[in-house]
Amino acid sequence: MEDETPTNPTENRPFTDVVGTRVARRTVLAGGLSAAAVTFFSNPAAATARGASPAKTRSGAGRTKGTAGPKGRTLVGFEPVAVADGTGPVPAISSDYSYQVILPWGEPIVAPYPEHVNGSKTAADQEKQIGIGHDGMWFYPLGKGNNHGILCINHEFGGNPHVLGKEDPTSLEDVRLSQAAHGVSVVELIRRRGIWKVVRGKYNRRIHVNTPVKFMGPAAGSPLLGDADRPSFGTVNNCASGPTPWGTYVTCEENFNGYFGATGDWVPTEAQERYGFSETGFGYGWERFDPRFDLSDPKYHGEENRFGWCVEIDPTDPWQKPVKRTAMGRFKHEGAAFVTGRGGRVVAYMGDDQRFDYIYRYVSAGNWRSMRAIGQSPLDKGHLYVAKFNDDGTGEWLELTIDNPVLAEKFADQAEVLTYARLAADALGATPMDRPEWTTVAPNGDVYCTLTNNSQRTEADAANPLAPNADGHIIRWRDTKRHTGPAFEWDIFLIAEDTHGTEDTFSDPDGLWADPDGRLFIETDGGQKDDLNNQLLVADIETGDLRRLLTGVTGDEITGIAVTPNRRTLFCNTQHPGNGDPTLTNFPVENQLPDGVTIPRDATFVVTRNDGGTVGS
Ligand code: FEO
Ligand code: CA
Ligand code: CA
């Protein structure tokens, strides 16, 4: 989802000649290597492959064979969904693939397993059912794992008309229902006779806005987060996520500002403005019945600073309190892509999704295994950086540390730097980007990030080369010192606009995941061209070949990616089908789950190749 109003007031945007920049990026993509490409691609073989334009290598409709990847294998060889087939109220999938629909909003997962009732729900029931707004997720195998495991799944948002059946809450019970529909589900799944089902077992739990949580890291206990004696509850607007190398799930809080409002006198602080708080929020109306979300209630001073964090969940321990890891900074976290870097340090790449906001990197202080061995979380002690993209294809990671005199002048301590990470990044001169969404690390160490769009950009720069940028692009970079150095080199992988008018058309890239073979899975969220529904595409990173694997239903968004260890099963989601409007679609009742629930429901697709092969191939 997006928060439409940019809140970055800085002049960090370097002025660049728009026409000149556009020419430069065309040069990169056309294969005439620019300075950026030359320095980035010091390996001549890689340079040749990278210099090839995705637009040039796309073979479009009617192609018969896939692209040869490493060792001559065909990396992306499936029959794509044609544009003409990807419209309307039901999903479409490649003829080489099949899908099953599971985990619709309202499916009971916790005892006493209350059934979803069409149009009439209670908060108590919703706290035991799958939430709404399916987004980031990950699969944690149990036993042999390919047919059995725990799925953690984010429930980003659901508007009042969809969840409550009315524009505004009229009671605390309404607010509690809305709050219970948000958060995370942890659910055990098993595949029997080819069909995936929920296991009504001990791991299942719902985490929502009223679940007890705890804070760790430098901002834990800071007065900025309100009275330390006031108990901490909840996570909200859980967008994307990331699996850690030690088997936990990190869920990321994105547009948390929209759930707060003010019922009385309230004048926003500089920080509240920078994070987009307003008197009415996004119109959820929680503040009218739950004072915790009322910015004008002094009793809940600082409550808004308890949201906007990365939250760690142990999928195998249903009694664990989710932990907000403050060392990773507070902003509108899209997701966190974890990788082990030099010295065994854990590194997380993170987007802050708002127009003109930034890309961040977290690096643990030490080797993550050693830290865990002495009972320390690698996510509590480390360094947070923000990206500066130079127009010559180089970049720098600027550290958000109170040891920097520029920040020491403005902030009292590291807790404040982290709580107001956006303000600290502004002061350091980070590069405002076109809405950073997901990040992912490819097997060759390159990091990819979707920049979904920015209709309000008026000045281009090399990293954000379109002004305005209606349909988005995908940028990539490679850090020095295996994800831990202070510098990087970058180029642009794909510009959505370049696919328009072809069979590979897409816009508004959002979800992103690189598999270990070098395929890039791309999910979209926004108005696609040619009446297409939102979609899941697969690209060959080496050749740029791009194919459409699946399309969703009218009004939805395709979100979340998880795979089983053998990668023969992929999970992805339809989020807000029909935007909740049953006159547009009542998916999945008609074509998939004939259970009588006619309100359109977010749900998960289980995607498999018909020949049992690797997904994406
Ligand atoms: Fe939750 Fe930026 O999408
Ligand atoms: Ca989006
Ligand atoms: Ca997103």
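Counting starts at 1 for both ligands and their atoms, following the listed order. Every heavy atom of this structure was used, including side-chain atoms; hydrogens, water molecules and symmetry mates were not.
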Under the side chain to side chain donor-acceptor pair (under 3.5 Å) rule, collect the residues that match up with Gln535, sequence neighbours excluded.
Gln528, Arg548
Decide whether Gln354 and Arg422 meet the rule of one side-chain donor and one side-chain acceptor closer than 3.5 Å.
yes
Under 3.5 Å donor-acceptor, His155 side chain and Gly131 backbone:
yes
In this structure, which one of Phe260, Tyr259, Phe293 forms a ring-ring contact (aromatic ring centres under 6.0 Å, His included) with Tyr284?
Tyr259
Atom name of the N, O or S atom of Glu156 nearest to atom 1 (Fe) of ligand 1 is OE2
Heavy-atom check, side chain of Trp309 versus side chain of Phe256, under 4.5 Å:
no
Check this for me, if you would: do Glu312 and Arg325 make a salt bridge, where the nitrogen-to-carboxylate-oxygen distance has to be below 4.0 angstrom?
yes
Taking Asp504 first and then Arg547, would you say they form a salt bridge - that is, a charged N and a carboxylate O separated by under 4.0 Å?
no
Run the salt bridge (Lys or Arg N to Asp or Glu O under 4.0 Å) test against Asp556 and tell me which residues pass, sequence neighbours left out.
none
Do the charged groups of Asp3 and Arg435 touch, with an N to O distance under 4.0 Å?
no
Sphere of radius 2.8 Å around atom 2 (Fe) of ligand 1 - protein N, O or S atoms inside:
Glu254 OE2, Glu334 OE1, Asp353 OD2, Glu437 OE1
Residue and atom, protein N/O/S, under 3.0 Å of the Ca ion (ligand 2)
Glu437 OE2, Asp510 OD2, Asp525 OD2
If the plane angle is over 60° it's perpendicular, under 30° parallel, otherwise tilted; pick one for Tyr420 and Tyr275.
tilted
